[in-house]
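Reckoned from all heavy atoms, side chains included, excluding hydrogens, waters and symmetry mates. Remember, it's a predicted structure, so these values are computed and weren't measured experimentally. Order of appearance sets the numbers: ligands from 1, and atoms from 1 within every ligand.
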Amino acid sequence: MNTIKKVLITSQGRKFYAKDLNEDLHTQYGFIKKEDLKKAKEGSLLKSNTNKEFFIFNPSFIDLYRKIKRDAQIIPLKDIGLIIAETGLNKKSRVLDAGSGSGALACFLAAIAKEVISYEIREDFIEIVKFNIEFLGLKNIKIKNIDIYNKIEEKNIDVVILDVPEPWNAVDNCSKALKIGGFLVSYSPSVPQVADFVNAVKKNESFVYLKTSEVVEREWEVEERRVRPKSKGIGHSGFLSFARKVKN
Ligand code: SAH
């Protein structure tokens with residue numbers, strides 16, 4: 001697998017990835033010789049043929065994650081952050097997510113959790129997820145070709161996250177798969193989906209509904225004393241609804 005071997009960053013924060021240390025790395029600031037890439041120590045400064053400077057270091061998870069293959073709309077980092085924070089997802093957690101899509105959420109959570117199981121109905125997406133799992137070198141994630149509206153094979157799950165068009169159709173299956181005290185999270189782009197999901201959760205006596213939130217992240221520009229929000233618009237991603245399983 002042609003994974004990323006080194007990260008190079010300019011002092012202005014422009015990032016480049018070297019996949020093959022046996023080839024020169026070409027950038028818009030000129031190229032860096034393969035000999036320099038190979039012998040560079042972490043944190044050392046390299047120069048391109050046009051004298052532009054780059055710091056070099058080994059990739060960490062987030063560097064690799066930002067380069068995964070993506071097809072279906074992947075969940076943004078800001079929303080992953082709230083899921084982790086609200087559920088307290090950690091190295092002891094067994095997590096189930098559906099649908100996998102490109103596996104972005106499943107892979108991010110696998111880097112934190114004990115185990116992730118991901119359900120996906122489309123074979124072409126399953127191939128992308130498998131590629132990404134290998135690209136990231138994850139060993140604790142399983143992908144299954146299962147329709148979550150039909151069944152969940154696992155039991156005693158700590159957190160289930162739904163990113164499917166009709167999450168209300170999976171609520172009863174999720175209640176059986178979750179352990180008592182476990183969390184059900186649903187991620188949906190539109191308001192009618194939130195209404196139908198939350199109403200289904202409220203009808204199911206195993207769950208207590210907690211809350212629905214939207215995370216708005218606004219990036220700021222900091223140039224000397226010119227400090228202001230970036231003019232780029234804030235796009236909408238989705239709403240996150242949280243429920244907790246309280247009894248069987
Ligand atoms: N969270 C994912 C993106 C999910 S996109 C990521 O971060 O990459 C939604 C996916 O759900 C699509 O790939 C779709 O094929 C899948 N899907 C739709 N209905 C499903 C179902 N009933 N069971 C499992 N997967 C389903």
Hey, can you pull the donor-acceptor pairs under 3.5 Å for the side chains in residues 155-165, sequence neighbours left out?
| unit_1 | atom_1 | unit_2 | atom_2 | d |
| --- | --- | --- | --- | --- |
| Asp158 | OD1 | Lys179 | NZ | 2.6 |
| Asp158 | OD2 | Arg94 | N | 2.7 |

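A salt bridge links Arg228 with Glu221: the closest approach of a Lys/Arg side-chain nitrogen to an acidic carboxylate oxygen falls below 4.0 angstrom. The residues Glu153 and Lys142 are annotated as not salt-bridged, no charged nitrogen and carboxylate oxygen being separated by less than 4.0 angstrom.
Each of Ala72, Gln73, Ile74, Ile75, Gly99, Ser100, Gly101, Ser102, Gly103, Ala104, Leu105, Tyr119, Glu120, Ile121, Arg122, Phe125, Ile146, Asp147, Ile148, Tyr149, Asp163, Val164, Pro165 has a non-hydrogen atom positioned under 4.0 Å from some atom of ligand 1.
Side-chain atoms of Ser93 do not come within 3.5 Å of backbone N or O of Ala113 as any donor-acceptor pair.
Minimum heavy-atom separation, Thr212 to Ser241: OG1-OG, 2.8 Å.
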Audit row: Arg70, Ile128, side-chain contact (heavy atoms from CB on, under 4.5 Å) steps and yes/no = CA-CA 8 Å; Arg70 26 186 95 198; Ile128 295 175; over 6 Å; no
